[in-house]
Amino acid sequence: MACRPKLHYFNGRGRMESIRWLLAAAGIEFEEKFIESPEDLEKLRNDGSLMFQQVPMVEIDGMKLVQTRAILNYIATKYNLYGKDIKERALIDMYVEGVADLNEMILLFSICPPGEKDAKLALIKERTTKRYFPAFEKVLKSHGQDYLVGNKLSRADIHLVELLYYVEEIDSSLIANFPLLKALEARVSNLPTVKKFLQPGSQRKPPMDEKSLEEAKKIFKFK
């Protein structure tokens, strides 16, 4: 039996959560080694585990992979979630980058100063409803298929549905005018592997709260 992937990160969403989603959707069980202190992070740096001195880091297939996109690319390729040819992969990459743009805004929103939150939130809502959701709704409408690329589940669908959940945590009404996105969310959420990951008690992480934010600040030494 092959070793389970081991994920090294703090006990929160951050940049590891998309990796958790992708592994879970692929039906791959994984272990987590939580970084709980600056010393834990420094140990990983000192023993040469982190090529660029930063996490996420995933131990998989005898490698210690860093850089979130590289990790996601490897997992998607390994578990056949990356299209059937170079053209499908290009489309998947394009959609994933769009998801990442909005996801980054949401990720940074959780750690922005209180005085900036209203403006950041307004921008997220505007970009969601005027730029990103219309683009993905148009893709689904253009071909009338169940999934974004090749009528087959890919990493693009998984990352997009993860994003839909985050947007709904901010404001559930933002998806109201995008019926095809709502249908995709339901379709992917009902896949057995994803459904299991969405259940209470899974390795899915909750939204960042004040406690987890303070823990992250302590570990990664940011203000």
Side-chain angles (χ1 to χ4, degrees), residues 5-25 29-45 50 53-58 66-69 71-72 99-129 132-133 158-176 181-182 185-186 188-189 193-223:
K6 183 181 288 187
L7 282 51
H8 295 263
Y9 203 62
F10 86 107
N11 189 11
R13 284 182 181 174
R15 301 190 186 283
M16 185 65 88
E17 192 70 356
S18 293
I19 297 166
R20 298 183 184 108
W21 266 83
L22 195 58
L23 284 167
E29 294 184 355
F30 56 87
E31 300 175 13
E32 297 192 83
K33 176 67 174 176
F34 293 125
I35 298 168
E36 297 177 333
S37 68
E39 291 73 27
D40 289 344
L41 181 58
E42 197 61 28
K43 185 178 184 300
L44 284 174
R45 288 169 172 161
L50 306 178
Q53 308 295 307
Q54 58 193 18
V55 289
M57 188 269 280
V58 174
V66 295
Q67 298 295 82
T68 307
R69 285 185 178 89
I71 296 166
L72 292 169
V99 168
D101 286 347
L102 184 53
N103 195 35
E104 184 77 2
M105 293 177 69
I106 293 172
L107 179 64
L108 294 177
F109 173 72
S110 67
I111 62 173
C112 80
E116 299 176 13
K117 281 193 176 292
D118 287 348
K120 295 280 189 186
L121 182 58
L123 182 60
I124 288 170
K125 290 182 176 182
E126 191 271 335
R127 291 286 170 83
T128 295
T129 56
Y132 293 104
F133 279 14
I158 296 161
H159 296 324
L160 178 55
V161 169
E162 178 192 358
L163 176 67
L164 296 179
Y165 274 89
Y166 295 161
V167 169
E168 287 178 322
E169 288 172 355
I170 292 171
D171 184 342
S172 60
S173 72
L174 295 176
I175 198 174
L181 288 185
K182 290 172 71 173
E185 181 183 32
V188 173
S189 297
T193 54
V194 178
K195 193 170 186 177
K196 180 181 178 182
F197 186 61
L198 293 172
Q199 296 302 308
S202 79
Q203 289 164 295
R204 182 178 173 227
K205 306 305 178 208
M208 180 84 77
D209 58 16
E210 285 299 322
K211 182 181 177 183
S212 56
L213 178 57
E214 288 306 311
E215 288 175 356
K217 286 180 177 179
K218 179 185 72 175
I219 294 166
F220 300 112
K221 297 181 179 178
F222 66 88
K223 296 181 180 181

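- Once rounded to the nearest 0.5 Å, the distance linking CE of Met16 with OG1 of Thr68 reads 8.0 Å.
- For residues 166-176, the salt bridge (charged side-chain N to carboxylate O under 4.0 Å, His left out) pairs, not counting sequence neighbours, are Arg13-Glu169, Lys125-Asp171.
- A distance-only check finds no donor-acceptor pair linking the side chain of Gln54 to the backbone of Leu50 [under 3.5 Å].
- Counting all heavy atoms, side chain and backbone alike, His159 lies closest to Val99 at O-CG1, 3.6 Å.
- Side-chain contact between Ile71 and Leu22: absent, with no pair of heavy atoms (C-beta onward) separated by less than 4.5 Å.
- The salt bridge (Lys or Arg N to Asp or Glu O under 4.0 Å) check on Arg127 picks up nothing, with sequence neighbours excluded.
- For Glu210, the CD atom is loosely surrounded, since the number of other residues' heavy atoms within 6.0 Å does not exceed 12.
- Using a distance-only test at 3.5 Å, with no hydrogens or angles considered, a donor-acceptor pair links the side chain of Gln203 to the main chain of Phe30.
- Remark: Arg69 CZ is loosely packed, at most 12 non-hydrogen atoms of other residues, nucleotides or ligands lying under 6.0 Å away.
- Taking CD1 of Ile35 as the reference point, atom CG of Leu44 lies at 5.0 Å (rounded to 0.5 Å).
- Residue Glu162 holds its CD atom at 10.0 Å from CG of Leu164, rounded to the nearest 0.5 Å.
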Review item, side-chain donor-acceptor pairs of residues 100-113, under 3.5 Å, at least two apart:
{"unit_1": "Glu104", "atom_1": "OE1", "unit_2": "Arg15", "atom_2": "NH1", "d": "2.8"}
{"unit_1": "Glu104", "atom_1": "OE2", "unit_2": "Arg15", "atom_2": "NH2", "d": "3.0"}
{"unit_1": "Ser110", "atom_1": "OG", "unit_2": "Leu107", "atom_2": "O", "d": "2.7"}

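- For Glu214, the salt bridge (Lys or Arg N to Asp or Glu O under 4.0 Å) criterion is met by Lys217, not counting sequence neighbours.
- The two atoms that bring Val194 and Ala25 nearest to each other are CG2-CB, 3.9 Å, heavy atoms only.
- Leu41 places a side-chain heavy atom less than 4.5 Å from the side chain of Val55.
- One distance of note links CG of Leu163 with OG1 of Thr128; it measures 7.0 Å at 0.5 Å rounding.
- For Glu32, the side chain to side chain donor-acceptor pair (under 3.5 Å) partners two or more places apart in sequence, or in a different chain, are Arg20, Lys205.
- Ser202 places no side-chain N or O within 3.5 Å of a backbone atom of Leu198 that could act as its donor or acceptor partner.
- Between Pro56 and Ile19, the closest heavy-atom pair is CB-CD1, 4.1 Å.
- Identified under the salt bridge (charged side-chain N to carboxylate O under 4.0 Å, His left out) test for residues 106-123, with sequence neighbours left out: none.
- By the 30° and 60° cut-offs, the orientation of the rings of Trp21 relative to Phe197 is perpendicular.
- Using a 30° and 60° split on the angle between ring planes, Phe220 and Phe10 fall in the perpendicular class, above 60°.
- Residues Gly14 and Tyr9 come closest through the heavy atom pair CA-OH, 3.5 Å.
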Open item on the list: With side-chain contact (heavy atoms from CB on, under 4.5 Å) as the criterion, how do Leu174 and Ile124 come out once you've worked through the C-alpha distance, each side chain's angles and the decisive distance to 0.1 Å?
Closed with: CA-CA 10 Å; Leu174 295 176; Ile124 288 170; 5.8 Å; no
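- A distance of 11.0 Å separates CG of Asp40 from NE2 of His8, quoted to the nearest 0.5 Å.
- For the atom pair OG1 (Thr193) and CD (Glu29), the distance works out to 12.0 Å, reported to the nearest 0.5 Å.
- The two atoms that bring Val161 and Glu185 nearest to each other are CG2-CA, 3.9 Å, heavy atoms only.
- For the pair Leu72 and Ser18, the tightest heavy-atom approach, listed with the atom from each and the gap, is CD2-O, 3.7 Å.
- For the pair Phe34/Glu215, no side-chain contact is recorded, criterion being any heavy-atom separation below 4.5 Å from C-beta on.
- Using a cutoff of 4.0 Å between basic side-chain nitrogens and carboxylate oxygens, Arg45 and Glu42 are scored as salt-bridged.
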